[in-house]
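One structure is given here, and the rest of the page talks about it.
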Amino acid sequence: MTKEKKTIGIVGARGHTGVELIRLIAAHPVLELSFVSSRELDGERVADHVEGFAGELRYASLDADAVAAQKADVVILALPNGKAAPYVAAIEASRPDTLVLDLSADYRFDDHWYYGLPELTRGRWRGEKRISNPGCYATAIELSVTPLKDLLAAPPVCFGVSGYSGAGTTPSDKNDPEKLHDNLMPYALTGHMHEKEASRHLGLPVEFMPHVAPHFRGLTVTTNLYLSRQMKREDVLARFHAAYDGEKLVDVTDEAPWVSRIAHSHRAEVGGFAVSADGKRVVVVATLDNLLKGAATQAMQNINRAIGVDEYTAIPV
Ligand SMILES: NC(=O)C1=CN([C@@H]2O[C@H](COP(=O)(O)OP(=O)(O)OC[C@H]3O[C@@H](n4cnc5c(N)ncnc54)[C@H](OP(=O)(O)O)[C@@H]3O)[C@@H](O)[C@H]2O)C=CC1
Ligand SMILES: CC(=O)N[C@@H](CCC(=O)OP(=O)(O)O)C(=O)O
């Protein structure tokens, strides 16, 4: 049976994640891109900015009321942190049944919103029409820690390195290729948003130290886990295989994965599993493309489930 088409719009469509979402939606059999909002590209053709996009759709600069007036079945908010609320309020007021997926951190701590990291929270979706998409580093941290969560003797310590597309398009030191050249830039070494997010959703304190590197896309999180009892490497591996072997978008690898191999991939890789001589310390390495499994692909998984189609529709797996 063919599924009824659904319209979808993106607010913040000029950004790095917006571009990836446009590509995914263009290949979707059920979703029809009905509007893309950008102030800077107002009036310009999407096809002139997104490689591989065909068609006459143009960007429009839409405020919150104008977005709600589009009457799309699904709205994706791909705005910087702190900007989502007026759009959510306008949709709530005029078309509360609209499915809203927010890519920012704005609703990741709000219990009225479903936190959509499907491999870990799939079973908790109760038909919510408000979905908060996890942060990119937080996704890698939560995938790395969950299989050993019940065996931890201390907070996980996570060292993160991201490509600079993670810092969005608003100019800053963190996305300035000149300043990043031959460099590794530490930032937010305590209290990063994703430290709080992963701590909340894992239900245990996490310590996270992010850095940004000269490559464009893809991140690595190396996590140190102190265990409450000795474990053999094969038992650690068995736990990760049990957790993710049924997952199409998470690969468990024997060796520590390399970020250079994950760019443009829709999957996350978790591997390494170095165990200390006393068997009470494990180091796990996770990589993913921050713009895909860390953002757009995960959004697509969440939207697919919420509109009642296969979770992997339009995601090349
Ligand atoms: N980049 C990444 O790796 C990841 C990003 N995220 C989150 O996704 C969201 C989008 O990220 P990303 O695509 O990188 O961001 P970008 O900076 O690349 O894009 C932001 C978009 O929002 C628009 N915008 C900016 N300020 C405003 C405003 N005040 N009002 C309306 N529109 C505005 C911009 O377009 P215009 O100025 O033309 O209107 C642009 O389209 C962020 O919340 C980010 O934290 C989540 C996971 C990973
Ligand atoms: C390199 C870099 O700056 N990365 C971003 C993470 C991007 C992301 O996922 O951010 P949100 O939680 O805001 O959605 C950061 O550390 O803030």
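The basis for the numbers below is simple: all heavy atoms, side chains too, and nothing from hydrogens, waters or symmetry mates. When a ligand or atom number is given, it counts from 1 through the structure's own listing order.
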Which bit of [X] is near ligand 1, meaning a heavy atom under 4.0 Å away: side chain, backbone, both or neither?
{"X": "S61", "answer": "neither"}
{"X": "S162", "answer": "neither"}
{"X": "Y87", "answer": "side chain"}
{"X": "N81", "answer": "both"}

Of [options], which has the heavy atom at the shortest distance from [atom]?
{"atom": "atom 20 (C) of ligand 1", "options": "G18, A78, S104, G168", "value": "A78"}
{"atom": "atom 36 (P) of ligand 1", "options": "R14, R217, H194", "value": "R14"}
{"atom": "atom 15 (C) of ligand 2", "options": "H194, H211, H192, K196", "value": "H192"}

For a 4.5 angstrom cut-off between non-hydrogen side-chain atoms, does [X] reach [Y]?
{"X": "R267", "Y": "K293", "value": "no"}
{"X": "D254", "Y": "R233", "value": "yes"}
{"X": "P156", "Y": "L204", "value": "yes"}
{"X": "V270", "Y": "P257", "value": "no"}
{"X": "V236", "Y": "L148", "value": "yes"}

Worksheet item: Is a side-chain donor or acceptor of N224 paired with a backbone partner of V283 at a separation under 3.5 angstrom?
Response: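 Judged by distance alone, no pair lies under 3.5 Å.
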Discussion item. Given 3.5 Å as the limit, does a donor-acceptor pair link the side chain of K174 with the main chain of H211, or not?
Written reply: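 Answer holds: no.
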If you measure from each non-hydrogen atom of [X] to ligand 2, which part falls under 4.0 Å: side chain, backbone, both or neither?
{"X": "H16", "answer": "neither"}
{"X": "N175", "answer": "neither"}
{"X": "S162", "answer": "side chain"}

For [X] and ligand 1, does the shortest N/O to N/O distance drop below 3.5 Å?
{"X": "L79", "answer": "yes"}
{"X": "S165", "answer": "yes"}
{"X": "G15", "answer": "yes"}
{"X": "G12", "answer": "yes"}

In terms of atom number and element, which parts of ligand 1 are under 4.0 angstrom from non-hydrogen atoms of [X]?
{"X": "A13", "value": "41 (O)"}
{"X": "N290", "value": "2 (C), 3 (O), 48 (C)"}
{"X": "L291", "value": "1 (N), 2 (C), 3 (O)"}
{"X": "G294", "value": "47 (C), 48 (C)"}
{"X": "E40", "value": "36 (P), 38 (O)"}
{"X": "A295", "value": "47 (C), 48 (C)"}
{"X": "K83", "value": "29 (N)"}

Below 4.0 angstrom from a heavy atom of [X], which ligand 2 atoms are there? Numbered from 1 as shown, please.
{"X": "R108", "value": "11 (P), 12 (O), 14 (O)"}
{"X": "Y137", "value": "16 (O)"}
{"X": "L103", "value": "14 (O)"}

If I apply the N/O under 3.5 Å rule, does [X] come out as touching ligand 2?
{"X": "G166", "answer": "yes"}
{"X": "N81", "answer": "yes"}
{"X": "M193", "answer": "no"}

Identify, for [atom], the protein heavy atom at the shortest distance, and state residue, atom and that distance.
{"atom": "atom 5 (C) of ligand 1", "answer": "T17 CG2, 3.7 Å"}
{"atom": "atom 3 (O) of ligand 2", "answer": "K174 NZ, 2.6 Å"}
{"atom": "atom 6 (N) of ligand 1", "answer": "L103 O, 4.1 Å"}
{"atom": "atom 38 (O) of ligand 1", "answer": "S38 OG, 2.6 Å"}
{"atom": "atom 26 (N) of ligand 1", "answer": "R39 NH2, 3.1 Å"}
{"atom": "atom 2 (C) of ligand 2", "answer": "Y187 OH, 3.2 Å"}

Discussion item. Can you classify the ring geometry of H192 versus H194 as parallel (below 30°), tilted (30 to 60°) or perpendicular (above 60°)?
Written reply: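 Perpendicular.
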Item to complete: Kindly assign one of parallel, tilted or perpendicular to the pair F216 and H16, based on the angle between their ring planes and the thresholds 30° and 60°.
Response: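 Perpendicular, since the angle between the ring planes exceeds 60°.
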Worksheet item: Do Y107 and H112 make the cut of ring centroids closer than 6.0 angstrom?
Response: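 No, they do not, as the ring centres are separated by 6.0 Å or more.
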Practice prompt. Please check atom 9 (C) of ligand 1 for a protein heavy-atom neighbour under 4.0 Å.
Written response: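 Under the 4.0 Å cut-off, atom 9 (C) of ligand 1 does have protein heavy-atom neighbours.
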Worksheet entry | CD1-OG distance between I10 and S37, expressed to the nearest 0.5 angstrom |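 It comes to 10.0 Å.
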Worksheet item: Between CD1 of I303 and CD1 of I76, what distance do you get to the nearest 0.5 Å?
Response: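 Reported value, rounded in 0.5 Å steps: 3.5 Å.
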Worksheet item: Hey, which of E197, R200, E128 is the one that makes side-chain hydrogen bond (donor to acceptor under 3.5 Å, both in side chains) with Y115?
Response: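 The side-chain hydrogen bond (donor to acceptor under 3.5 Å, both in side chains) with Y115 is passed solely by E197 among E197, R200, E128.
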Item to complete: Please assess D102 against S132 for the test side-chain hydrogen bond (donor to acceptor under 3.5 Å, both in side chains), listing each intermediate value before the final yes or no.
Response: CA-CA 5 Å; D102 181 37; S132 177; 5.4 Å; no
Worksheet item: Between V284 and V145, is there a shared hydrophobic cluster once you connect ILVMFWY residues whose side-chain heavy atoms come closer than 4.5 Å?
Response: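 Linked within one cluster.
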Practice prompt. Just do the side-chain contact (heavy atoms from CB on, under 4.5 Å) check on S104 and L77 with the steps written out, would you?
Written response: CA-CA 8 Å; S104 81; L77 302 175; over 6 Å; no
Worksheet item: Does E92 come within less than 4.0 Å of R130, counting only side-chain N to carboxylate O?
Response: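 Counted as a salt bridge, because a side-chain N and a carboxylate O are separated by less than 4.0 Å.
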